[in-house]
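Inspection log for the structure reproduced underneath, given as structure tokens.
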Amino acid sequence: MFNTLGNLLSLTTFGESHGVAYGGIINNFPAGLTVDLDKVQYELNRRKPGQSAIVTQRKESDTVKFLSGIFDGKTTGTPIGFIIENENQKSKDYDHIAGAYRPSHADFTYDQKFGFRDHRGGGKSSARETMNWVVAGAFAKQLLPDIEINAYVSSVGDIFCEKPYQALDFSKTETNDVRCPDAETAEKMISRIKEIKKKAIPLAEPLPA
């Protein structure tokens, strides 16, 4: 799986969801930029698991540690290396599905592509991989402070936020668990997620021989 994103400014990532840590190297970041590392951690705190009943309950602090590329609060122009340690990996929790593919997951795709399957979490295809992207994105936002970036959940299943983005108040995005700036739509989304979560059953069918 290709693990480098970007061209001039690039991010190369490593790690697995049930390994020791995730991490990355940001290449070609300009020297001399004063960076607010608290803002980087803030963005990671926004995406970390266990924040509500509608997300994974895995407990992780997702604390980033910088290994290179920063000195006295400024970028040095050398590659910015960082790691985020996994603190709550419970590989044994996945033993009961060692003989079954998970629906809507990368299990089957991995097996077909590589001829090998690690049933513990998603490995490189885990959603925890996005931590690396968040760190790089937080640096990019400080490199381009005059550009305003807004992102929100616009749909969950067949529930859509019908309002055009021009009519949305983005200050309301963080006011609900699903992060949709339209309160009425957000309530419907959360209800749908909880409804589906109640119907979820463990997969018991064995893998084909």
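Here, residue 1 is the first one in the sequence, and each next residue gets the next number. Everything numeric here is computed off the predicted structure, so don't read it as measured data.
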D182/K172 ion pair, N-O < 4.0 Å: no
Residues R128 and E16 bridged, charged N to O under 4.0 Å: no
Any sub-3.5 Å donor-acceptor pair from [X]'s side-chain atoms to [Y]'s backbone N or O?
X    : Y    : answer
N150 : F170 : no
E60  : N86  : no
D38  : Y42  : no
S68  : P79  : yes
E85  : V20  : no

Working for side chain to side chain donor-acceptor pair (under 3.5 Å), residues S10 and T4: CA-CA 7 Å; S10 69; T4 297; over 6 Å; no
How long is the span from the [atom1] atom in [X] to the [atom2] atom in [Y], to the nearest 0.5 Å?
X    : Y    : atom1 : atom2 : answer
L143 : L9   : CG    : CG    : 7.0 Å
E43  : W133 : CD    : CH2   : 15.5 Å
I149 : L144 : CD1   : CG    : 7.5 Å

Are any of the side-chain heavy atoms of [X] and [Y] separated by less than 4.5 Å?
X    : Y    : answer
R179 : R46  : yes
P30  : T75  : no
N132 : F82  : yes
C180 : V156 : no
I84  : V135 : yes
C161 : T185 : yes
T13  : M131 : no
V153 : M189 : yes

Neighbour count above 12 (heavy atom, 6.0 Å) for E184 CD: no
Y165, OH atom: more than 12 neighbouring heavy atoms under 6.0 Å: no
Residues K39, K141; criterion side chain to side chain contact (heavy atoms under 4.5 Å, CB included); working and verdict: CA-CA 10 Å; K39 287 185 177 179; K141 285 176 72 174; over 6 Å; no
Please name the pair of heavy atoms, one in [X] and one in [Y], separated by the smallest distance, quoted to 0.1 Å.
X    : Y    : value
A151 : T173 : O-CG2, 3.8 Å
T63  : Q41  : CA-OE1, 3.6 Å
I26  : A136 : CD1-CA, 3.8 Å
Q142 : V40  : NE2-CG2, 3.8 Å
G24  : L11  : CA-CD1, 4.3 Å
T130 : A127 : OG1-O, 2.6 Å

In this structure, would [X] and [Y] fall into the same cluster of hydrophobic residues linked by side-chain contacts under 4.5 Å?
X    : Y    : value
I193 : F160 : no
I25  : F29  : no
I83  : Y22  : no
L5   : F14  : no
I70  : L67  : no

E87-S61 side chain donor-acceptor pair, cut-off 3.5 Å: yes
Passing candidate, side-chain contact (heavy atoms from CB on, under 4.5 Å) with I190, options K188, K194, E187, R192: K194
Partner of V134 under side-chain contact (heavy atoms from CB on, under 4.5 Å), chosen from N45, V64, L44: L44
